[in-house]
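Take a look at the structure below.
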Amino acid sequence: MDGPSLPLNARRVLTKSLIVNRLYMFVNGIAILALFYYRATTLLRIIETREAPLVPYLIVIFSEIVFTFFWVLYQAYRWKPVKLEVYPERLPGDEKLPPVDVFICTADPSKEPSLGVMNTVVSAMALDYPPDKLAVYLQDDGGSYVTLNAIREAWKFARLWVPFRRKYELKIACPEAYFSSKESAHEKFIGSSEFAAEKKMIEKKYTEFQEALEKNSVNASASVSRDHPPVIEVMTDENGDSNLKEMPLLVYIAREKRPGHPHHFKGGALNVLLRVSAVITNAPYFLVLDCDMYCNNPASARLAMCFYLDPKIAPKIAWVQFPQKFHNLSEHDIYGGSLNAIYKSAIGFDGLQGPNLYGCNFVMTRESIYGTGKIEKEVDLNQLKKTFGSSNKFIKSLYKSYKPQLPEDRKLSGELQKELQLLASCTYDNGTDWGEEVGYRYFTVVEDAITSLSLHCKGWISVYIDPANPCFLGATTTNLNDMLVQQTRWAFGLMQIGLSRFNPLIYGPLRMSILESLCYSYNFLESLYALPVYGLAIIPPICLLYGIPLYPKVSDPYFIVFAFIFLSSRLKHVQETISFGDPLRNTVYELRVWMMKSGACYFYAILNAILDKIGLHEANFSLTSKVVDNEQETRFKQGIYDFQVSPMLLIPLCSLYILNLAAFIISIPRLFYKSDELLAQAVLSFFVVIVNYHLLEGMFLRKDKGRIAPSVTLLSIAISAIILGCGSLLLFY
């Protein structure tokens, strides 16, 4: 009798971090209570004696309450940090691995160059997974002939690349990354003349592939259509080659687009991918990738199976989330492009029900997204059609007994093509439960946040795995404008949820653990940081200018409380940065990014979410360009900020900075005789000035093209003067 099999995964609690986190929560929590005791007693005294203006004091207290609210929410991430480990070498043989579909979305070849997109496609086909159980689907939202021709070229090259990668056990699945690296092959093939000859031949073919895509991409922007019928094409060899079993399936899809029909952006694209793939391959698991996020580690699908083939937890797992890692990071992560601030929290999320979806790089089960298990017996067909639409073939794919019928030559029959056209039409789910309620709360432009919340509330769990060799690598933003626009878009989407019935503080507590609800609440409501940031960036410097103290005297014992809270939060940030493996300078970069997001992105996210709530904001989706600007790239690698940014995003930041800079400089003489009363406010303004020194450089010291435009600086000076004038009126109340 065989003994118990070895586990495929293990969960390790990070004990040291857990102890440090809980000790920090306890001590800092006591200090916060002391702070509010001081604020309450001082407020009562001000109300009675009118010794100081009341309104500024109330604004500062409100700001501290909001900061404390977010501090409490964030402690849920710190409660139980864990790290997951996987053992893919213990997986069963290929014949026992389940099928996997890979979904990739693209929209505009002028902003998402074909070479990058096709490298992602080819790398997905080259995953270390049984080829007969792997299918790759590319959904082209632009309906572009450039993308269609490119995927045909990619298929031809993949016929050479996929066998080559498998034969020589390459550790990099992406051809562009492989030929740009020093990696050769598995050590047992090094020195082989056969390998050297094949590599030379493949590299030559890749160069031809690049040239073909470059020639094909001329006038790419004109190829994008917003009014076209559905197109589905399964890639196959024109000469009827019989070795297709050694190649994963590759399918091109361009869903129907018509003016006047809402298409729901990426959400709609992924819903079409779900339907079309269900009829063609119907794999129980699907991997979602962004078009610029190529497969780096060929073992990624197998790593996910270390959870899905674990009988103890598999029935409860909805998705396995991998981090987004980037190949174009600079040693100076000035724009927070590594997203490490997010992944630090994922470690804590994993100690609860698991992380939320991050928009890509996740493997998910169809069963969880459909909201139903595989159907084993007859059910009400009309009810199924009411939920999933009118396609009989799609309905049949829900049954456990369903087996897709694709000919060996992979050529679609007329009947099947007609059915696929129906599933990819823009009106398919009109009037269905999926279209009205289910489908478009899944895979939305808000990084699948409601999907995560809904599934966790139904008892599903998720896991986060971050292997040493990154599974997927993409291109991060390399300029300030793209970063701020991207963060504004994300923050707006999440704020929409915060103002909806899915607000985790209302929707979550009775459906999931309280700690998981707190994590989601922090995620969805983070834009509200703009309120206390503006409060403390405006009121204390104005009061500093007029010599009005808002904090305890240095000689007051409560000064130690305020100083302790400030210093402990900074030191905790340093500790988390170092323990995560980042350089110390990243604490400054992350703090700058957070301040810029709070001053610009979160401000507009709140404004747009409110306008959307009252019907005055039209939903839109703007792609982050993947086209590289060499001059911006150079500044990025040198750690120099590029301020070629929309004035709407820069002016709020510059105005607040100028206000604090002016307040600090003008108040210096006063500090010589009132330092006991005003030191805390002076330190606060000085902290803002020092941390955001890059703004000072951009406005007044730099002369290069990437500086802040003089018109933006002048307008910011004017606005800061207006803020000072209007804010001064508050001192009379």
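Residues meeting the side-chain hydrogen bond (donor to acceptor under 3.5 Å, both in side chains) test with K572, sequence neighbours left out: N21, Q575, E576.
Applying the salt bridge (Lys or Arg N to Asp or Glu O under 4.0 Å) test to pairs two or more places apart or on separate chains, those with a residue in residues 325-340 are K325-D466, E331-R585.
Aromatic ring orientation, Y77 versus F349: perpendicular (interplanar angle above 60°, classes split at 30° and 60°).
Looking at E526 and L494, their side chains never come closer than 4.5 Å, going by heavy atoms from C-beta outward. Within the 4.5 Å cutoff, the side chain of L607 has no heavy atoms near those of the F492 side chain. Using a 4.5 Å heavy-atom threshold, the side chains of S555 and F559 count as separate. A heavy-atom distance below 4.5 Å is not found between the side chains of F502 and F524. Considering only heavy atoms from C-beta on, I59 stays 4.5 Å or farther from I538 through its side chain. Considering only heavy atoms from C-beta on, V533 stays 4.5 Å or farther from Y602 through its side chain. Annotation: side chain of K83 is not in contact with side chain of I347 (no heavy-atom distance under 4.5 Å).
Put simply, the side chain of Y589 never gets that close to the backbone of Y335: no donor and acceptor are under 3.5 Å apart. Distance alone, capped at 3.5 Å, places no donor-acceptor pair between the R707 side chain and the F643 backbone. Not a single donor-acceptor pair under 3.5 Å links the side chain of R45 to the backbone N or O of E51. Formation of a donor-acceptor pair under 3.5 Å by the N660 side chain with backbone atoms of V689 is not found in this model. Remark: the backbone N or O of I497 is paired with a side-chain donor or acceptor of S500 at under 3.5 angstrom. Y604 places a side-chain N or O within 3.5 Å of a backbone atom of M648 that can act as its donor or acceptor partner. Remark: side-chain polar atoms of S685 are not paired, donor with acceptor, to backbone N or O of A682 under 3.5 angstrom. Within the 3.5 Å criterion, the main-chain N or O of F672 finds no donor-acceptor partner in the side chain of S675. For R570 (side chain) and T587 (main-chain N/O), no donor-acceptor pair under 3.5 Å exists by modelled atom type. Without hydrogens or angle criteria, D642 side chain to L480 main chain gives no donor-acceptor distance under 3.5 Å.
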task: Mind running side-chain contact (heavy atoms from CB on, under 4.5 Å) on V561 and Y38 for me, showing each step along the way?
output: CA-CA 10 Å; V561 172; Y38 169 83; over 6 Å; no
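Atoms CG and CG, from L18 and L23 in turn, are 11.0 Å apart once rounded to the nearest 0.5 Å. Annotation: the span from F70 atom CZ to L518 atom CG amounts to 12.0 Å, rounded to 0.5 Å. Put simply, OG on S452 and CD on Q353 are 11.5 Å apart, with the number rounded to the nearest 0.5 Å. One finds the OG atom of S462 at 8.0 Å from the CD atom of Q321 (value rounded to the nearest 0.5 Å). The NZ atom of K597 lies 4.5 Å from the CD atom of Q487; values are rounded to the nearest 0.5 Å. Atoms CE and SG, from M495 and C601 in turn, are 14.5 Å apart once rounded to the nearest 0.5 Å.
In this structure, F566 has its ring center under 6.0 Å from that of F687.
A pairwise comparison of heavy atoms in T488 and L649 identifies OG1-CD2, 4.0 Å as the closest pair. Minimum interatomic distance between I658 and S716 (heavy atoms only, all atoms of both residues): CD1-CB, 3.8 Å. Shortest non-hydrogen contact noted between M512 and S517 is CG-OG, 3.3 Å. Between A475 and N328, the shortest heavy-atom contact is CA-OD1, 3.4 Å. Annotation for Y464 and F322: closest pair CE1-C, 4.5 Å, computed over non-hydrogen atoms.
Counted by atom type alone, Q681 and Y551 present zero donor-acceptor pairs between their side chains at under 3.5 Å. At a cut-off of 3.5 Å, with distance as the only test, a side-chain donor of Y546 or S728 sits close to an acceptor on the other residue. In this model, no donor atom of one side chain and acceptor atom of the other lie less than 3.5 Å apart for R702 and Y641. With no hydrogens or angles considered, no side-chain donor-acceptor pair links N586 and T577 at under 3.5 Å.
Annotation: cation-pi pair R39/Y558 absent, no NZ/CZ under 6.0 Å from the ring centroid and within 45° of its normal. In this structure, R511 satisfies the cation-pi test against Y507, with its NZ or CZ atom closer than 6.0 Å to the six-membered ring centre and inside 45 degrees of the ring normal.
At most 12 non-hydrogen atoms from other residues, nucleotides or ligands lie less than 6.0 angstrom from NZ of K553. Other residues, nucleotides and ligands place no more than 12 heavy atoms under 6.0 Å from the CD1 atom of I560. Open room surrounds OH on Y37; 12 or fewer heavy atoms of other groups in view lie less than 6.0 Å from it. By the neighbour-count criterion of 12 heavy atoms within 6.0 Å, atom CH2 of W79 is sparsely surrounded, having that number or fewer from other residues, nucleotides or ligands. Atom NZ of K80 sits in a sparse spot, with 12 or fewer heavy atoms from other residues, nucleotides or ligands closer than 6.0 Å.
Across Q632, E631, K637, Q638, a single residue satisfies side chain to side chain contact (heavy atoms under 4.5 Å, CB included) together with T634, and that is Q638.
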